Amino acid sequence: MAPTLALVGATGAVGTVMIDIVNARESVPWGDIRLIASPRSAGKKIVVRGEERTVQALGPEAFDGVDVAMFDVPDEVSAQWAPIAAERGAVAVDNSGAFRMDPDVPLVVPEVNAGAIADRPRGIIANPNCTTLSMMAALGALHREFGLRELVVASYQAASGAGQAGVDRLYAELAAVGGKNVGVRAGDVREALAAAGLTDDSPFPAPLALNVVPWAGSLKQDGWASEELKVRNESRKILGIPDLRVSATCVRVPVVTTHALAVHATFEREVTVDGAHKVFAAQPSIVLQDDPAAGVFPTPADVVGNDPTYVGRVRQAVDFPNTLDFFVCGDNLRKGAALNTYEIAEVVAREFA
Ligand code: 2RA
């Protein structure tokens, strides 16, 4: 029988993208599709694959008869409810940070480590953080061919990584600084925001309009930001390289959606730009845009709304043997969140065929 899918967090920002993805699929492997959200959103009607469905309130019974439950909810909601879904017989595919580093929960990017899905003692599969995910298709493909040894990355993260509040804040700040002679004197951006009344709490620790902010996430030990440690720990787990040397600097930029990363990756074996191009070209989920002489390289403004990982600016590092530098862009709400979660669910659905 075709499995039943539940979407928990159906009315949230990522849940909404998830529904778009389900609606855009040519065909789906699901029998029933159930929408679940907080009691506040229960009763809302949403059309999924041509059929109007009523959002159910999150509760233990909502998982009865569910085979695969995708969670797009805050960490604490997943931490409480994904185990309940699993106890009730569903495979929980979770897009929060609650289980990513749990040794009994696989952390999966299907084109990199789909095999890990089978080993899920808790009945839960985790989806990586969007920053890690945005580069993982490219890194996984290169690792298979050349053996990754060291990774140094700088991220350029979009405002929507901080949720709708991040997007709203960026637009408000852009409106406050737009069309004026701002950004020419230290402090004048802050003054323009204050003049526009933007003195309330921002999701960002400094102005984002006309600026870049070297901070994403929360403060962890020794001055590291949580996002930077996620890049390190999640890359190690997904790639199956527990001693991978990783150093990351995460930066927020005034982009609405689509994370970008500058990657400096060192390999066991000799690498060439041609060899890397061939590897990228062979990976269906990667689009290679690498012709700088013609002005061809990926940028968030051209990538947003698309599913693949876009790769360009591939160079052989001049002073570092076996090392490539390249630039990747990935829509943090699609492959970085909803799409990868859904792709994991599709792999699990094959178990029911
Ligand atoms: C961010 N990666 O961009 C985070 C969201 N999970 O803030």
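From a predicted model like this one, the values you see are computed outputs, not experimental measurements. Remember, it's 1-based here, ligands and their atoms both numbered in the order they're listed.
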field: Pair Y310 and F327, ring centroids less than 6.0 Å apart
entry: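 Ring-ring flag for Y310/F327: false, centres at least 6.0 Å apart.
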
task: Assert yes or no for the condition that the ring centre distance of F320 to H264 is strictly below 6.0 Å.
output: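 Yes: the rings meet the under 6.0 Å criterion.
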
field: Mutual orientation of the aromatic rings belonging to F63 and F71 [parallel < 30°, tilted 30-60°, perpendicular > 60°]
entry: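 Rings of F63 and F71: parallel, as their planes differ by under 30°.
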
message: Using side-chain heavy atoms (C-beta onward) and a distance below 4.5 Å, is R169 in contact with L198?
response: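 Heavy-atom side-chain distance check passes, below 4.5 Å.
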
- request: Check whether any side-chain heavy atom of S218 sits under 4.5 Å from a side-chain heavy atom of S226, and report yes or no.
  value: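 In short, these two side chains touch, coming nearer than 4.5 Å.
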
Need the list: ligand 1 N/O atoms against protein N/O atoms, distance under 3.5 Å, rounded to one decimal.
unit_1   : atom_1 : unit_2 : atom_2 : d
ligand 1 : 2 (N)  : N129   : OD1    : 3.1
ligand 1 : 2 (N)  : N129   : ND2    : 3.4
ligand 1 : 2 (N)  : T131   : OG1    : 3.2
ligand 1 : 2 (N)  : E227   : OE1    : 2.8
ligand 1 : 2 (N)  : E227   : OE2    : 3.2
ligand 1 : 3 (O)  : Q157   : NE2    : 2.9
ligand 1 : 3 (O)  : R252   : NH1    : 3.0
ligand 1 : 3 (O)  : H259   : NE2    : 3.0
ligand 1 : 6 (N)  : N129   : OD1    : 2.8
ligand 1 : 7 (O)  : G161   : O      : 3.1
ligand 1 : 7 (O)  : R252   : NH1    : 3.2
ligand 1 : 7 (O)  : R252   : NH2    : 2.8

query: Do any pairs count as a salt bridge (Lys or Arg N to Asp or Glu O under 4.0 Å) and have a residue in residues 147-166, sequence neighbours left out, and if so which ones?
result: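 Those involving residues 147-166 are E150-R245.
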
